[in-house]
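Quick one: the structure is below, questions incoming.
Lettering of chains follows the sequences in order, A, B, ..., and the numbering in each one begins at 1.
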Amino acid sequence: MELGTTVLLAVIQIAVVMGVVLLSVAYMTYAERKVLSFMQDRLGPMEVGPWGLLQPIADGLKLFMKEDIIPSGANKIIFAVAPIICLIPALIGFAVVPYSEGFSLLGGTGGTITDLNVGLLYIFAFASVGAYGVILGGWASNSKYALLGGLRSGAQVISYELVIGLSIVGVLLLSESLSLRAITEHQDGGFWHWNLWVQPVAFVTYVIAAVAETNRLPFDMPEAESELVAGFFTEYSGMRFAFFFLAEYANMILVSCLASVLFLGGYEAPAEFLNFVPGFVWLALKTWALLFFFIWIRGTFPRVRFDQLMKFGWKVLIPVALVNILVTAVGVYIVNN
Amino acid sequence: MMQAIFIYLATVCVVCAVLTVSLRQPVYNVMALLTMFFHVAGLYVLLNAEFLAVVQIIVYAGAILVLYLFVLMLLNLRSESRHLHRQWPFAVLILGSVAAMLVGAMQAGGFGLPTGEAPAQVIQAVGNTESIGLTLYTDYLLPFELASLVLLVAMIGAIVLTKKELIQDHGEEQS
Amino acid sequence: MGLIRSIFMTELLMGMKLVFKQMFKPYCTLQYPHVRHDIPDGYRGLMSLLRYEDGSERCVGCSLCEAACPSNCIKVVSDEVPGQPLVRYAREYYLDITRCVFCGFCTEACPVDALAMTKVYEASVFDRRDLMFDKRKLYELGEQHLADGKAYLIAHNMDDGTLFPKEGLGDNRYSFPPVDLGEGERPVTVGLTREALEMELSKQ
Amino acid sequence: MIPLSSYVILSAVIFFIGVIGVVIRRTIIVVLLSIELMLNAVNINFVAFSHYLESITGQVFVFFTLTVAAAEVAVGLALLIAIYRNRKTVNVEELDVMKW
């Protein structure tokens with residue numbers, strides 16, 4: 001295949017995937033407000049468009065037209081760069097998520113923007129870089145609340161990344177590959193072949209750690225409204241605030257995508273007779289189900305204390321994940337021999 | 001194409017390395033080093049070591065440098081008026097000898113060494129991750145276990161050094 | 001048992017079940033600008049001044065409302081009606097809504113039922129000075145919300161529906177709702193301690 | 001094709017910059033960062049030789065370097081915090097108790 005075709009194919013896929021992701025981010029904010037409202041017997045946004053459907057667009061326009069304030073005493077360069085450092089890693093991870101079976105497009109194969117053979121590690125590598133945006137944003141604001149939020153977030157993200165990394169090792173042992181496409185294809189064959197049924201403990205630890213990793217309630221220590229105003233983005237306004245916001249929701253969608261690929265069979269249909277539905281629909285359905293779960297959790301649980309959070313991560317989740325690895329490894333060894 | 005990419009990566013690496021040792025604000029030093037780590041990862045990709053490239057980012061960027069930033073913010077270090085060591089002229093002498101040693105070693109070394117049994121094609125056929133894993137867990141099993149011991153000792157050491165109560169208790173016992 | 005419960009996170013799942021059920025209950029939001037609450041007659045909204053049927057002002061400028069106001073937001077300037085030395089009226093009447101606590105004591109204090117509270121609760125303005133109501137504005141409010149004012153007075157037991165007579169001025173000027181004192185002598189309860197009162201009651 | 005010597009020269013240059021940093025900077029934290037630079041230079045060499053000499057051993061050794069770097073950073077930063085707590089400074093010049 002020629003270089004030009006490769007680049008064109010990549011650009012088309014990037015455009016489509018980014019468009020879908022950004023649209024999902026926008027409507028995730030809407031869905032969150034709506035679902036939370038329903039859980040609290042309210043109606044949520046109703047004014048802009050029918051049933052408030054244009055609300056995310058109105059919010060976005062408002063944020064982008066607001067004044068961009070840089071507080072005095074802030075480190076201007078890092079203050080300006082931090083939101084971008086936060087946003088880019090969140091979006092870049094979607095490059096390796098397989099959204100459909102391979103199909104031919106312009107003489108090449110589509111289905112993933114790029115299928116790295118270290119795809120999973122690639123996502124974790126960039127997810128760990130996202131913490132920089134948070135820490136630097138908190139530091140550069142020259143504000144106590146922001147600094148405390150940034151430090152908490154640093155500690156939390158590092159701890160829970162470890163849990164995520166350990167909880168997926170079981171899946172890797174089963175599928176013997178780091179490529180997300182290979183992991184998905186390993187779960188081929190319907191509902192009962194999903195990794196969820198082989199690795200339920202890993203799934204639970206992954207979901208808990210993912211909630212903590214994306215700074216969502218009940219683990220939203222870095223931005224605990226009632227104690228730290230807004231945490232690391234207390235001083236941010238306008239477009240830069242919007243970037244942080246986008247990054248948070250894009251991260252949520254990314255970890256949900258990853259969970260559906262790792263544990264719920266990705267783009268595979270749950271049963272044979274449903275194969276006529278295209279793969280990306282299944283991926284989207286599973287991802288949105290997990291996103292609903294995130295909102296559900298937010299609507300249910302109160303925030304935990306910071307020391308409880310750290311204790312839970314280090315003393316409960318990591319040992320459980322390690323035991324899960326041990327059990328899985330022994331099981332795989334016995335089955336293979 | 002490959003050469004252009006190499007030249008870009010190498011230039012950025014060197015520039016960022018210079019910035020790392022020359023900038024005054026500690027946070028800028030860390031940021032420069034972070035940029036350099038990314039470009040070193042790019043070099044690894046050029047050398048067909050994708051797994052190492054990703055591990056480089058996870059470990060160096062995701063863990064080690066975050067720790068540096070964390071400590072910087074904990075101590076709230078700011079830039080100082082004088083950032084060079086008092087003895088820097090003396091240092092230049094030492095550096096001259098180190099540079100001479102490096103040049104001499106590179107002159108004497110030469111690059112015509114015998115080749116092993118893992119050319120790029122073989123590695124790509126097996127998969128970078130798998131071939132590393134196979135070597136690591138067979139030929140280098142003992143060093144691997146020793147490395148884990150090193151990490152354990154470092155972990156205990158770090159905890160002992162930073163835990164305030166331990167130091168205080170010790171002092172009270174002696175007095 | 002407790003360990004098993006915490007491993008399977010039973011309590012957490014129970015909470016989540018409850019929240020999920022809650023999703024399908026009907027909402028209790030009112031889409032405010034489009035739909036409004038049905039406000040009860042006793043509601044204390046913005047205050048207004050009332051007129052008699054023939055259009056003359058009820059207010060006699062006695063300043064009792066000013067005295068009763070706990071937040072000192074009322075200012076009455078009383079004056080004689082020119083040519084009628086026995087009749088007074090309020091030449092100026094100011095009400096500072098920014099300080100008003102909407103307690104309704106002024107309406108209780110008014111001997112001629114000239115004050116009533118309306119059901120207007122949207123008091124926001126663009127200029128703060130517009131919240132200083134003068135006499136003209138208060139009478140305007142009273143005219144616009146006359147029915148609300150009447151309903152308010154009835155709901156607060158200051159009027160038995162005879163307040164706005166058809167004929168003649170001032171028939172109800174100093175009349176209060178009749179008080180039934182009951183039959184026979186009543187024990188003197190004012191100024192007694194609780195024990196003394198109980199003793200008094202037990203004697204009967 | 002890029003010759004092996006360019007990688008080696010690049011790594012030498014970065015290593016040398018790291019040495020400069022260790023020797024001339026006052027703040028301990030930058031000294032530690034310069035040590036990271038030197039370790040990275042070594043890693044580049046390992047991977048480059050591994051590629052050109054067609055042996056996976058070089059890449060395996062990068063792992064051990066990573067381990068050492070992680071251990072170094074843990075202990076180094078712990079020392080830094082302990083020093084800061086006792087002396088309220090992180091300058092190499094002012095830490096002269098052991099000087100004769």
Close aromatic pair by centroid cut-off 6.0 Å: B/Tyr44 and B/Phe51: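 Ring centres of B/Phe51 and B/Tyr44 not closer than 6.0 Å.
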Between D/Val23, D/Ile9, D/Ile17, the one whose heavy-atom pairs under 4.5 Å with chain B are most numerous: D/Ile17
Pairs of heavy atoms under 4.5 Å with chain B: top-ranked of D/Ala70, D/Ala71, D/Gly21: D/Ala71
Chain D contact via B/Val18 - side chain, backbone, both or neither, heavy atoms under 4.5 Å: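 Its backbone and side chain both get close to chain D.
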Leading residue by heavy atom contact count with chain D [cutoff under 4.5 Å; candidates B/Leu65, B/Asn29, B/Leu52, B/Leu46]: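 The option with the most such pairs is B/Leu52.
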Nearest non-hydrogen partners of D/Ser55 and D/Ser50, listed with the distance: O-OG, 2.8 Å
Closest-packed option against chain D by number of heavy-atom pairs under 4.5 Å, given B/Ser148, B/Gly133, B/Cys13, B/Ala99: B/Ala99
Atom pair OH (B/Tyr68) and CG (B/Leu34), whose distance is rounded to the nearest 0.5 Å: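 Between B/Tyr68 OH and B/Leu34 CG, I get 13.5 Å after rounding to 0.5 Å.
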No-hydrogen, no-angle side-chain donor-acceptor test under 3.5 Å, B/His39 and B/Tyr8: yes
Interchain contact, B/Val59 with chain D, by part (heavy-atom threshold 4.5 Å):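 The side chain, not the backbone.
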Segment of D/Val75 engaging chain B (4.5 angstrom heavy-atom cut-off):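 Interface part for D/Val75: both.
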Heavy-atom side-chain proximity of D/Leu39 to B/Tyr60 below 4.5 angstrom: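 Counting from C-beta outward, D/Leu39 and B/Tyr60 do come under 4.5 Å.
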From CA spacing to verdict: side-chain contact (heavy atoms from CB on, under 4.5 Å), B/Ile156, B/Val160: CA-CA 6 Å; B/Ile156 295 170; B/Val160 169; 4.2 Å; yes
Any donor-acceptor pair under 3.5 Å from D/Arg25 side chain to D/Leu32 backbone: no
Distance in Å, D/Thr67 OG1 paired with B/Leu149 CG, rounded so as to fall on 0.5 Å steps: 12.0 Å
Reported CG-to-OG1 distance for the pair D/Leu80 and D/Thr27, which is rounded to 0.5 angstrom: 10.0 Å
Chain D contact via B/Phe37 - which portion, at a heavy-atom distance below 4.5 Å: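 Side chain only.
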Toward chain B, the part of D/Tyr7 with a non-hydrogen atom under 4.5 Å: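 Contact with chain B: backbone and side chain both.
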Contact leader toward chain D among B/Gly157, B/Cys16, B/Ala154, B/Ala63, where contacts are heavy-atom pairs under 4.5 Å: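 Looking at each of B/Gly157, B/Cys16, B/Ala154, B/Ala63 in turn, B/Ala154 comes out on top.
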Partner chain B: residue of D/Gly18, D/Ser6, D/Ser34, D/Gly76 with the largest heavy-atom pair count (under 4.5 Å):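 Heavy-atom pair counts peak at D/Ser6.
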Per-residue contact mode, D/Val62 against chain B (heavy atom under 4.5 angstrom):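 D/Val62 touches chain B through side-chain heavy atoms alone.
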Contacting moiety of B/Val30, where chain D heavy atoms sit under 4.5 Å: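 Contact with chain D is through both the backbone and side chain of B/Val30.
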Residue pair B/Phe144, D/Val60: steps toward the side-chain contact (heavy atoms from CB on, under 4.5 Å) verdict: CA-CA 10 Å; B/Phe144 180 77; D/Val60 172; over 6 Å; no
Portion of B/Met36 that has a non-hydrogen atom of chain D nearer than 4.5 angstrom: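 Contact with chain D involves the side chain of B/Met36 alone.
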pair B/Val150-B/Leu146: side-chain heavy atoms closer than 4.5 Å: no
D/Val30, part contacting chain B, at a heavy-atom distance under 4.5 Å: side chain
Heavy-atom proximity to chain B below 4.5 Å, by part of D/Leu79: both
Pick from D/Leu37, D/Ile14, D/Leu33 with the largest number of heavy-atom pairs that fall under 4.5 Å of chain B: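 Ranked by contacts with chain B, first place is D/Leu33.
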Contact class of B/Leu47 relative to chain D, heavy atoms under 4.5 angstrom: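 Looking at B/Leu47, backbone and side chain both touch chain D.
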